[in-house]
Amino acid sequence: MESNKKWRSFDFGPPHSNPKTHNVSKSKTENASPEKTTVNQSVTSNKLISDTVSGISKMPAFDFHQKLTPKTVSELAVHPKKIQEVESWLQRYVVSPEQNMKRSQFLVISGPTGSGKTVTLNVICSSLGISVSEWVNPIDQDYEIKGQNQISQFMEFLGDSKWNSLFDDCAKKITLVKDFPNAVIHRPEQFFDILEECSYKTDNPIVFICTDSNSSNINLVRMLFPDDIMAKYSIAHISFNSSASTLMKSAIKRAAELIKERTDLFKQPSPSTVDAIIASSMGDIRNTMNQFYLASLKDTGEIPTIQSLKESKGVKRKKVDKDSKLKGMSKDETLGLFHGLGRVLCPKREKVGNSWRLCHDVGKLVDEFAIQPSMFVSFLFENYLNYFGELTDVFRASEILSICAVLLDKWSGDHEALIPALWTAVLGLMVFNEHKVSKWNQIRGPVKLNKSTQRSEAASGLCPTDYYYYNVVTKSSKFHKFQFD
Amino acid sequence: MSVLWADKYRPKELSALDYHKEQAANLKDLTKEGDFPHLLVYGPLGAGKKTRIMCLLRELYGPGVERLKMETMSFTTPSNKKLEITTVSSIYHIEVNPSDVGIYDRVVIMDLIKHVAQTQQLNVNAQREFKVIVLTDVDDLTKEAQHALRRTMEKYISNCRIILCATTISRVIPAIRSRCLCIRVPAPTEDTIVTILQNVCKKEDVNLPLAFAKKIVDVSNRNLRRALLICEACKVEQYPFTENQQVPEPDWQIFIRKTAEQMLQLPNIKSLAKVRQNFYELLTNGIPSEIIFKTLLEELLKKCDRGMKTKVVEEAAIYEHRMSQGNKAIFHLEAFAVKFMYLYKNMLEQMVEVY
């Protein structure tokens with residue numbers, strides 16, 4: 001309780017030395033993580049930036065990340081369309097809410113880690129003159145024993161956020177929730193109650209930021225914002241994609257400009273290193289910048305990179321040399337659907353003594369597609385024939401797929417139970433493909449069996465097996481005619 | 001356009017039914033009190049399930065149920081997908097085939113029953129205080145939809161009755177079976193069909209020789225509706241009938257036979273791709289997967305020797321069982337096709353070795 005009061009008093013107390021940080025209430029805990037710092041920085045005024053710029057010559061320290069954080073919309077390494085989406089939502093519901101009778105007060109921004117979700121929101125808010133107050137899980141008190149629990153504090157915070165801070169000159173404000181209370185993650189129902197309460201208690205817009213994740217049990221978007229909840233409160237949803245390599249290139253260019261000023265500390269990394277950084281970061285802009293920072297420090301040598309043996313042969317493919325990757329510190333790769341299909345349908349093997357084993361980690365592959373097992377299996381079924389060279393192999397694989405289909409059907413209610421089914425299909429296809437055919441095949445999507453519902457008054461009582469006679473009797477070709485060629 | 005014979009001579013009253021007269025009497029007794037439990041009517045294609053349901057409704061509500069109108073209802077799934085489904089309805093009942101919308105059938109069932117059940121009968125002159133919902137092809141419903149149906153059935157029993165119509169109840173979950181009065185409508189015997197065909201032809205002023213009628217019944221597979229359709233189709237093609245006139249076979253049957261021939265000629269991966277395409281074509285045009293499976297098996301067995309036959313039938317039983325449990329028919333159809341090709345190819349190779 002005490003510390004809770006202290007935070008409150010922070011808002012109403014005497015002006016802080018840094019007049020703008022109160023935008024982010026509870027900024028005490030903010031400094032704990034480096035990412036939170038960027039939140040702070042993006043809202044800080046120009047004055048503060050000029051302070052640090054002038055301070056460079058005096059101070060040997062150089063806050064690379066602080067300097068690099070985008071301050072204007074043009075500096076963001078995010079697709080312009082997404083920026084526009086966020087901006088138009090803010091324009092519509094925060095800046096001029098009077099014009100909208102029906103208010104959508106919740107926004108969910110989701111995307112993979114390091115795609116610039118938070119920075120985008122903060123930069124646009126500062127450009128529109130909107131102040132952001134962010135919820136941070138209280139850590140420095142034993143709320144179990146005395147005082148309120150986390151949930152009621154969270155609720156109180158959301159409720160209170162409609163009041164403007166005394167030191168705030170801008171009337172527009174939004175509440176940002178990125179750090180979901182732990183209790184909510186275990187019991188999503190509580191979160192739904194909170195949403196319900198918020199929807200009538202306050203009309204202050206609340207923005208939730210969720211990081212996508214592959215594993216299903218910590219996927220916040222799916223858990224906390226299921227479809228019916230989204231529809232009930234008409235929650236807007238903007239999903240970010242991972243940064244494109246061109247955007248990252250320009251971000252690196254910008255960073256390179258910044259470090260030019262300090263030749264005593266930095267050197268320019270070689271272009272090949274830059275390419276390798278981009279290739280190995282898998283679209284994570286934050287990770288890219290960290291790698292770049294390391295690579296450009298004066299005393300470090302060239303960062304070791306892995307060059308794959310396969311040199312790109314085609315002229316076309318030379319644009320981005322994805323073959324070289326950073327040796328250490330690279331992220332786990334995330335596979336796209338097509339990449340994953342390729343791994344399963346064209347399994348690579350390595351010889352171990354008299355036997356062999358699969359090159360790729362099957363478990364990882366399965367995890368990657370664990371969200372939609374039946375979708376992935378349908379894709380496999382649709383395409384596996386093209387990659388098999390022997391009827392015997394096909395017979396084994398199809399048997400596996402048939403078993404898998406049974407498993408998927410039987411346990412369709414229980415998501416966890418579908419994983420073994422996916423395992424069966426993936427492993428079966430990979431192991432039984434003894435005579436694989438490696439050639440270029442177009443990947444086809446699963447065929448949707450939409451029963452053609454061409455019912456009509458006259459033929460309403462007919463079964464599709466009798467349509468042929470209907471055609472004969474009426475001498476028409478109303479229904480499909482089967483022709484074998 | 002003229003009405004099909006099958007529709008034109010469909011009996012309209014329970015007392016006018018041509019066969020299963022005892023059952024008709026029972027149904028009549030059932031509705032005497034003006035009320036009945038949920039019904040599950042099942043039986044093979046063309047046995048007269050729908051006819052009996054309509055007769056029953058007429059018994060309850062009078063000729064008003066025959067004034068039918070077609071309507072398209074639209075539903076929205078939780079993920080905001082728009083669904084459209086055709087319904088046939090009178091002021092007393094509504095008839096839907098929820099499996100038309102595939103995996104979204106649950107939404108249709110829940111919304112439709114709620115919609116129908118929550119609107120009370122305002123008309124004081126309405127004869128009954130409940131409405132009737134007729135759901136067809138219940139065996140094609142997904143598991144989720146069947147569970148949803150079970151819950152809604154209990155909830156709204158006060159002001160709606162549900163009549164389910166299915167070809168087989170093995171795919172209907174036991175919970176639904178126990179909540180309904182199950183009525184089996186067996187296919188009519190061949191003699192009955194012959195008599196009905198002759199009666200219809202007499203009314204149409206068409207001369208139907210007995211031998212030819214028997215020939216039609218052979219092809220019709222004891223499916224009365226199909227028998228009537230074949231008879232009418234024959235009349236369109238050639239009339240007066242002759243003793244050795246060809247009885248047309250449905251095109252999908254020929255299609256499956258050709259597919260089977262291809263499997264036998266070239267048991268390899270390339271023809272398998274073609275076989276799969278054919279399966280897709282059959283399924284998208286509404287041919288039920290069991291019928292595809294059965295016809296295919298029959299065609300394949302014609303070319304097998306005795307030792308092979310038992311093996312193939314054994315395998316077919318496994319895959320057919322799997323197919324009937326789920327809704328991914330294509331997986332099992334293909335698995336069976338591959339299995340057969342594999343067995344057949346091995347047999348051919350062995351034969352080559354022997355010589």
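All heavy atoms count here, side chains included; hydrogens, waters and symmetry mates do not. Chain identifiers are assigned alphabetically (A, B, ...) following the order of the sequence lines, protein sequences preceding nucleic acid strands; residue numbering begins at 1 within each chain.
Considering only heavy atoms from C-beta on, Lys436(A) comes within 4.5 Å of Pro347(A) through its side chain.
The two atoms that bring Val472(A) and Val236(B) nearest to each other are O-CG1, 3.7 Å, heavy atoms only.
Using a 3.5 Å distance cut-off with no hydrogens or angles, the side chains of Arg226(B) and Ser220(B) do not pair a donor with an acceptor.
Looking at Leu229(B), the atoms closer than 4.5 Å to chain A (heavy atoms on both sides) sit in the backbone and in the side chain alike. Residue Lys143(B): no heavy atom, backbone or side chain, is found under 4.5 Å from chain A. In this structure, no portion of Ile400(A) lies under 4.5 Å from any heavy atom of chain B. Neither the backbone nor the side chain of Ile85(B) comes within contact range of chain A; no heavy atoms are under 4.5 Å apart. For a residue to count as touching a neighbouring chain, one of its non-hydrogen atoms must lie under 4.5 Å from one of that chain's; by this rule Thr142(B) does not touch chain A. Using a 4.5 Å cut-off between heavy atoms, Lys345(B) touches chain A through its side chain atoms alone. Only the backbone of Glu249(B) has a heavy atom closer than 4.5 Å to any heavy atom of chain A. When heavy atoms are compared at a cutoff of 4.5 Å, Asn278(B) approaches chain A solely by way of its side chain, counted from C-beta outward.
Interface check for chain A: of the options Arg322(B), His147(B), Lys270(B), Lys328(B), the most heavy-atom pairs under 4.5 Å are formed by Arg322(B). Highest contact tally toward chain A, considering only Thr259(B), Asn223(B), Ile291(B), Leu45(B), is held by Thr259(B) [criterion: heavy-atom pairs under 4.5 Å]. Ranked by non-hydrogen atom pairs under 4.5 Å with chain B, the options Ile403(A), Leu401(A), Asp466(A) are led by Asp466(A). Ranked by heavy-atom pairs under 4.5 Å with chain A, the first of Glu281(B), Gln253(B), Arg276(B) is Arg276(B).
When ring centroids are compared, Tyr319(B) and Phe331(B) stay outside the 6.0 Å threshold. Taking the centre of each ring, Phe482(A) and Tyr468(A) stay at or above the 6.0 Å mark.
Formation of a donor-acceptor pair under 3.5 Å by the Asp137(B) side chain with backbone atoms of Asp140(B) is not found in this model. Thr87(B) contributes a side-chain N or O that, together with a main-chain N or O of Glu71(B), makes up a donor-acceptor pair within less than 3.5 Å. The backbone N or O of Leu266(B) lies less than 3.5 Å from a partner atom in the side chain of Ser271(B), making a donor-acceptor pair.
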- Would you please test Glu261(B) and Lys258(B) for salt bridge (charged side-chain N to carboxylate O under 4.0 Å, His left out) and show each step? CA-CA 5 Å; Glu261(B) 273 163 21; Lys258(B) 293 261 175 68; over 6 Å; no
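By the 4.0 Å N-to-carboxylate-O rule, Glu204(B) lies too far from Lys235(B) to be salt-bridged with it.
Crowding of Gln246(B) atom CD: a count of heavy atoms from other residues, nucleotides or ligands under 6.0 Å not exceeding 12.
Heavy-atom proximity under 4.5 angstrom to chain A picks out His332(B), Glu334(B), Ala335(B), Val338(B), Lys339(B), Met341(B), Tyr342(B) from residues 332-342 of chain B.
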I'd like a table of donor-acceptor pairs (distance under 3.5 Å, sequence neighbours excluded) in which one partner is a side-chain atom from residues 388-395 of chain A, with atom names and distances.
residue   : atom : partner   : partner atom : Å
Asp393(A) : OD2  : Glu434(A) : N            : 3.3
Asp393(A) : OD2  : His435(A) : N            : 3.2
Asp393(A) : OD2  : His435(A) : ND1          : 2.9

